[in-house]
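A short worksheet on the structure shown next.
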Number of protein chains: 2
Amino acid sequence: MLHEEVVSRLRDILLEGEVPPGARIPERELCLKLKISRTPLREALKVLAAEGLVLLLPHRGSRAARLTDKDVHDLFEVCQGLEALAGELACERVTDAQLQEIAEAHAAMVEHYRDGDLTQYYRRNRQIHEAIVAAACNPVLSGLYDSVTARIRRARYLTPMTPPRWATAIREHEAILNALERRDGMGLAHILRAHLRHKREEIIKAGFAEIDSGRGLAGHESAAAPV
Amino acid sequence: MLHEEVVSRLRDILLEGEVPPGARIPERELCLKLKISRTPLREALKVLAAEGLVLLLPHRGSRAARLTDKDVHDLFEVCQGLEALAGELACERVTDAQLQEIAEAHAAMVEHYRDGDLTQYYRRNRQIHEAIVAAACNPVLSGLYDSVTARIRRARYLTPMTPPRWATAIREHEAILNALERRDGMGLAHILRAHLRHKREEIIKAGFAEIDSGRGLAGHESAAAPV
DNA sequence: AATACAATTTTTGAATTCAAAATCGTGGAA
DNA sequence: TTCCACGATTTTGAATTCAAAAATTGTATT
């Protein structure tokens, strides 16, 4: 198995919550599961620690990172900044083909909204935001965006969506598409900032806190379901 | 030696250009130099590869990352976005003490400008930008900023500074401090974007290209001085 | 019965070892 | 002379091994 693949599979295991946030990472088991020895596994752990997904306690093993309210808040703030930047750049660089792809994804998303299909809605939503970042044509930005969204994924796509919030999101997305089609960089950046700020407020209000109630690692081993 | 220390020292070695960009990383030598075995060194290499400082060629060793013009451009673009975001947030959160520290650094920087002391000027310049990011009070943002600035450091602080550009930079910094003191988030974000865009244009124009002339890795081993 | 201490076990971190892959060097053929 | 092929050497990637640190267990003493 290639190095990148180990990192990738381990990342998935953490993001899926197979190892719950805050729980100790069972080196032994993962070695067996991935059919590798400890050396490559530990290399992957260090990489993921640098990404912020894993917490390394010297001489005390590693744990799946636990997101505090503050972490979620910070991640959203940065995500918002990156998306706003991406929007600005995308307006300068987006190709007609990309624009069309985004428009189609948008239409599909609105359709899912009408059907009340939240899962498919989220899928399209994510596709749109990723397409905007891709259209910015900046691999550094894409990389940071991927890393931030990976860390925040659970919070972003697993919080309850209220009807009014959903309606607002759709309206905002109309404005996003519109600004992009007009190549209005400043306008788009502004909308994206507001868009994400709304989402953030919602998530914070929804009490994402339950994932982490603030006590230290010494607490329960959190064998319970992650989210 | 602690894991983080190995990563840190190796990062310095790369940033200092002790291993020139594009050059192969001599595992053996570094093991001797750092007095560690290959296992922890390779762990550090993977971490730095994830950071973008090292290029891993499967079965073909690792090399110090080589920045293309496009890379520098992309890094600056993202750096600009992060600083703008930091500026906005800093306006909401900066403490009086931090503000004072920034003002003092600014005064010192202007002094170095008058003296024509570029090295000290850069030092203060960097201190100011870092202080603004710190004032944003967002560890995620700080982390990304550190990583981006680390990658771009050589390009940022080793390009020739022309007198008119220097004068412009000083004027822009006056505006930055002013906006920060007025807690004018939007204004500061705008200024910071412009500030960095100017620097970027300067660097691109200055022909940072010489560091990488576009050919592949197969080319010369680049034993020459890094910058 | 509870707590403190010590011995044992487990786990972590790193060096060594080992197999596979790539590079280098030599020799032969065109 | 130049190009290609084949074998030796080096280097890489990963498993194993080893030492040190921490957790656990058991025991003794208060």
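Numbered from 1 within each chain, the chains take letters A, B, ... in sequence-line order.
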Once hydrogens and angles are ignored, does a donor-acceptor distance under 3.5 Å link the base of dA14(C) to the side chain of Ser37(B)?
no
By side-chain contact (heavy atoms from CB on, under 4.5 Å), which residues pair with Ala65(B), not counting sequence neighbours?
none
Measure CZ/Arg63(A) against C1'/dT11(C) and give the value in whole Å, please.
14 Å
Under the side chain to side chain donor-acceptor pair (under 3.5 Å) rule, collect the residues that match up with Gln100(B), sequence neighbours excluded.
Glu104(B)
Side chain to side chain donor-acceptor pair (under 3.5 Å) involving His106(A) - partner list, sequence neighbours excluded
Glu174(A)
Donor-acceptor pairs are to be reported for all side-chain atoms of residues 48-61 of chain A against protein atoms at under 3.5 Å, with residues two or more places apart or in another chain.
| from | atom 1 | to | atom 2 | distance (Å) |
| --- | --- | --- | --- | --- |
| Glu51(A) | OE1 | Arg11(A) | NE | 3.1 |
| Glu51(A) | OE1 | Arg11(A) | NH2 | 3.4 |
| Glu51(A) | OE2 | Arg11(A) | NH2 | 2.7 |

Counterpart residues, side chain to side chain donor-acceptor pair (under 3.5 Å), relative to Glu27(A) (two or more places apart)
Arg38(A)
Residue set satisfying side-chain contact (heavy atoms from CB on, under 4.5 Å) with Glu5(A), at least two apart, ordered chain then number -> Met1(A), Leu2(A), Arg9(A)
What parts of residues 1-13 of chain A reach DNA chain C, counting only heavy atoms under 4.0 Å away?
none
If the condition is side-chain contact (heavy atoms from CB on, under 4.5 Å), which residues does Ala44(B) pass it with, not counting sequence neighbours?
Val6(B), Val7(B), Leu10(B)
To the nearest Å, give me how far apart CG (Leu41(A)) and C1' (dT16(D)) are.
15 Å
What is the separation between atom CD on Glu43(A) and atom P on dA15(C), rounded to the nearest whole Å?
14 Å
Assess the side chains of Glu83(B) and Tyr145(B): does a donor N or O sit below 3.5 Å from an acceptor N or O?
yes
In which stems does DNA chain C show up, taking only runs of three or more Watson-Crick or G-U wobble pairs whose two distances fall under 3.5 Å?
C:1-30 with D:1-30
Taking only residues two or more places apart in sequence, or in another chain, which ones meet Thr39(B) in a side chain to side chain donor-acceptor pair (under 3.5 Å)?
none
What closest approach, in Å, do Leu67(A) and Arg151(A) show between heavy atoms, and which atom pair accounts for it?
CD1-O, 3.4 Å
Return the value, rounded to whole Å, for the distance between atom CG of Leu32(B) and atom P of dA15(C).
12 Å
Nearest-angstrom distance from the residue atom CG of Leu56(B) to P of dA14(D):
11 Å
What residues, two or more places apart in sequence or in another chain, satisfy side-chain contact (heavy atoms from CB on, under 4.5 Å) together with Ala108(B)?
Arg124(B)
Expected rows: protein N/O vs nucleotides 6-12 of chain D N/O, under 3.5 Å:
| from | atom 1 | to | atom 2 | distance (Å) |
| --- | --- | --- | --- | --- |
| dT12(D) | OP1 | Arg24(B) | NH2 | 3.4 |

